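Shown next, in structure tokens, is the structure this report addresses.
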Amino acid sequence: MAATGIAVCTQFNTTYPSFTLTPSTTSATSLFFMHIGLTLMEAGVIRSKNVTNTFIKNILNFFVVALAYWAVGYAFAFGMESNVFIGYRNWFSENMPVGAYTGWAYHFLLCAIVVAIATSSLAERGEFMAYPIFAFILAAFVYPISTHWAWHIKGWLYAGADGVGFRDDGGSGVVFVTAGAAALVAAVFVGPRHGRFDNEDGQPIPIRAHSTPFVGLGALLIMLGFMGMTPTVTLMNLFLAATGGAIVAVILRKFGMCGQNGCCRGYETDNFSWGLLTIVNGAICGMVAVVGTGHLMYPWSAFVTGTVAGIAYCTWSFVSVTIKVDDPLDTVAVYLGGGFWGLMAGPLFSTVCGVVWSNQDTFQQTARWLGWNMLGGVAFLAWASLLCVLLFGILKCLRLLRVNHEVQARGLDVVIHRERAYPPEAYLDMDPTPYSDGSGSLSKPHKLGREAPQIGRDPSPRRRGYPYY
């Protein structure tokens with residue numbers, strides 16, 4: 001019986017190698033929608049004066065990641081020649097088989113998702129030049145080496161010891177712990193947005209999202225992207241985990257534990273409401289937790305995994321605000337918190353050899369799997385943190401990390417890009433009503449709040465539905 005248990009527990013790394021299963025055109029397309037969702041969600045959470053900056057940053061970073069991953073990233077991750085730590089072949093796709101092109105596209109999109117998640121923690125106060133530099137380092141060194149350790153057949157985590165090693169087929173740890181760790185370091189180094197915390201007592205001050213439709217639509221596209229993370233995960237388990245995470249997160253918010261806009265403050269009475277960001281972040285956190293090994297769970301196990309992920313999200317969010325880490329999208333709570341729990345949930349609930357189903361013959365192997373997963377999570381956290389600390393330390397010394405208070409007050413769109421997302425000129429009114437002098441000519445455009453010669457029309461901006469800035 002012992003031999004059988006060991007055989008079951010040691011087969012998974014050779015039976016389900018993620019880097020040969022995941023690449024496909026359909027899954028890559030889903031990941032591209034996830035990137036769109038991350039951009040929309042970030043643009044919705046921030047204020048309207050920084051929306052153009054967010055779109056330009058995410059689109060430019062997408063191309064920077066493509067260049068970096070094509071040049072060195074893929075070689076470091078899945079090079080045809082490699083050792084336990086790093087690959088060193090296929091630079092600029094040199095000698096790469098044509099059949100590997102789809103795999104390159106899939107893993108490049110995963111890398112772009114890591115960058116989009118990590119850079120969102122700098123929203124509204126990051127110096128623009130810091131973004132492409134950050135993106136290049138993540139795509140060229142941080143994420144590829146983590147994937148080599150976990151998903152390449154020669155990687156030290158993948159190989160393990162005595163037939164048992166790290167397993168994370170969908171990326172709960174490889175993708176999301178790496179992204180969350182980078183986001184945490186970035187948020188700590190750049191500091192909070194001006195006005196996020198009270199200068200006198202240090203209490204958090206909510207900064208409202210400027211577009212809840214952007215947040216909702218972006219979250220739905222992110223959930224769509226999870227469907228392409230790995231073809232082995234069952235959609236039932238994915239959706240049940242999202243359900244558990246969303247329900248428990250919004251319940252905790254109603255009881256005052258979890259707030260909106262990264263403001264998880266149980267001692268504030270205005271937190272007792274149904275918050276959109278809380279619901280969608282809880283759902284995404286549940287998906288983050290289950291995507292790694294959800295295909296090895298029963299549906300009830302996936303729901304439990306998502307439920308615990310919702311609790312983890314609220315806890316991490318509360319801690320982040322308590323230590324005054326300004327994370328506009330709760331990136332650290334969702335992806336780092338959910339990813340770490342996901343690395344534990346697989347060994348606990350797996351139908352292959354999880355702790356719940358283990359016996360005296362298989363428990364030792366299951367415990368070793370859990371240990372390898374925890375070691376992998378710590379390795380991803382340490383590797384990403386080390387490189388990001390060095391990077392942000394240099395950028396801070398060169399004053400390339402953060403814009404000043406005046407720029408934050410005026411908005412990055414105007415100061416840096418000279419391009420508003422919502423220019424006042426877009427609200428000029430072309431009224432076809434003839435002038436009162438009876439000339440019959442059409443009225444000229446008029447600006448907000450400026451009275452125009454009209455008949456029977458109320459020119460008030462408030463009545464006419466114009467936005468205020």
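Start at 1 with the first residue, then count along the sequence. For clarity, every value in this text was computed on a predicted model and none was experimentally measured.
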Is the [X] to [Y] ring centre distance short of 6.0 Å?
X: W383; Y: W149; answer: yes
X: F380; Y: F166; answer: yes
X: Y69; Y: H107; answer: no

So, do [X] and [Y] sit near enough that their side-chain heavy atoms are less than 4.5 Å apart?
X: R167; Y: W369; result: yes
X: V403; Y: Q408; result: yes
X: I284; Y: Y313; result: no
X: V142; Y: I137; result: yes
X: F141; Y: F76; result: yes
X: C285; Y: M287; result: no
X: M344; Y: N373; result: no
X: I56; Y: F128; result: yes

Donor-acceptor contact present, side-chain [X] to main-chain [Y], <3.5 Å:
X: H210; Y: A43; result: yes
X: K324; Y: G191; result: no
X: S301; Y: M297; result: no
X: T147; Y: P144; result: yes
X: R196; Y: I205; result: yes
X: W341; Y: T305; result: yes
X: S172; Y: D168; result: no
X: N404; Y: V407; result: yes
X: S120; Y: I117; result: yes
X: S211; Y: F214; result: yes

Check residues 409-418 and write down every donor-acceptor pair under 3.5 Å in which the side-chain atom is one partner and the other belongs to a residue at least two apart or another chain.
{"unit_1": "D413", "atom_1": "OD1", "unit_2": "T52", "atom_2": "N", "d": "3.2"}
{"unit_1": "D413", "atom_1": "OD1", "unit_2": "N53", "atom_2": "N", "d": "2.9"}
{"unit_1": "D413", "atom_1": "OD2", "unit_2": "V51", "atom_2": "N", "d": "3.1"}
{"unit_1": "D413", "atom_1": "OD2", "unit_2": "T52", "atom_2": "N", "d": "3.1"}
{"unit_1": "H417", "atom_1": "NE2", "unit_2": "N53", "atom_2": "ND2", "d": "2.9"}
{"unit_1": "R418", "atom_1": "NH1", "unit_2": "V414", "atom_2": "O", "d": "3.1"}
{"unit_1": "R418", "atom_1": "NH1", "unit_2": "V415", "atom_2": "O", "d": "2.1"}

Less than 3.5 Å apart, any donor N or O on the side chain of [X] or [Y] sitting next to an acceptor on the other?
X: N50; Y: E124; value: yes
X: Y143; Y: H148; value: no
X: S121; Y: D327; value: no

Contacts of type side-chain contact (heavy atoms from CB on, under 4.5 Å), residue [X], not counting sequence neighbours:
X: F303; result: L240, T243, T307
X: I394; result: L398
X: T119; result: K57, N58, N61, V115, Y131, F134

Pairing residues for R402 by the salt bridge (charged side-chain N to carboxylate O under 4.0 Å, His left out) criterion, not counting sequence neighbours = none
Given F32 and Y106, is the ring pair (Phe, Tyr, Trp, His ring centres under 6.0 Å) satisfied, shown in steps?
-> CA-CA 9 Å; F32 186 77; Y106 178 86; over 10 Å; no
Sorted by first residue and then second, give each ring pair (Phe, Tyr, Trp, His ring centres under 6.0 Å) pair with at least one member in residues 167-194; sequence neighbours left out.
-> F176-F226, F176-Y335, H194-H405
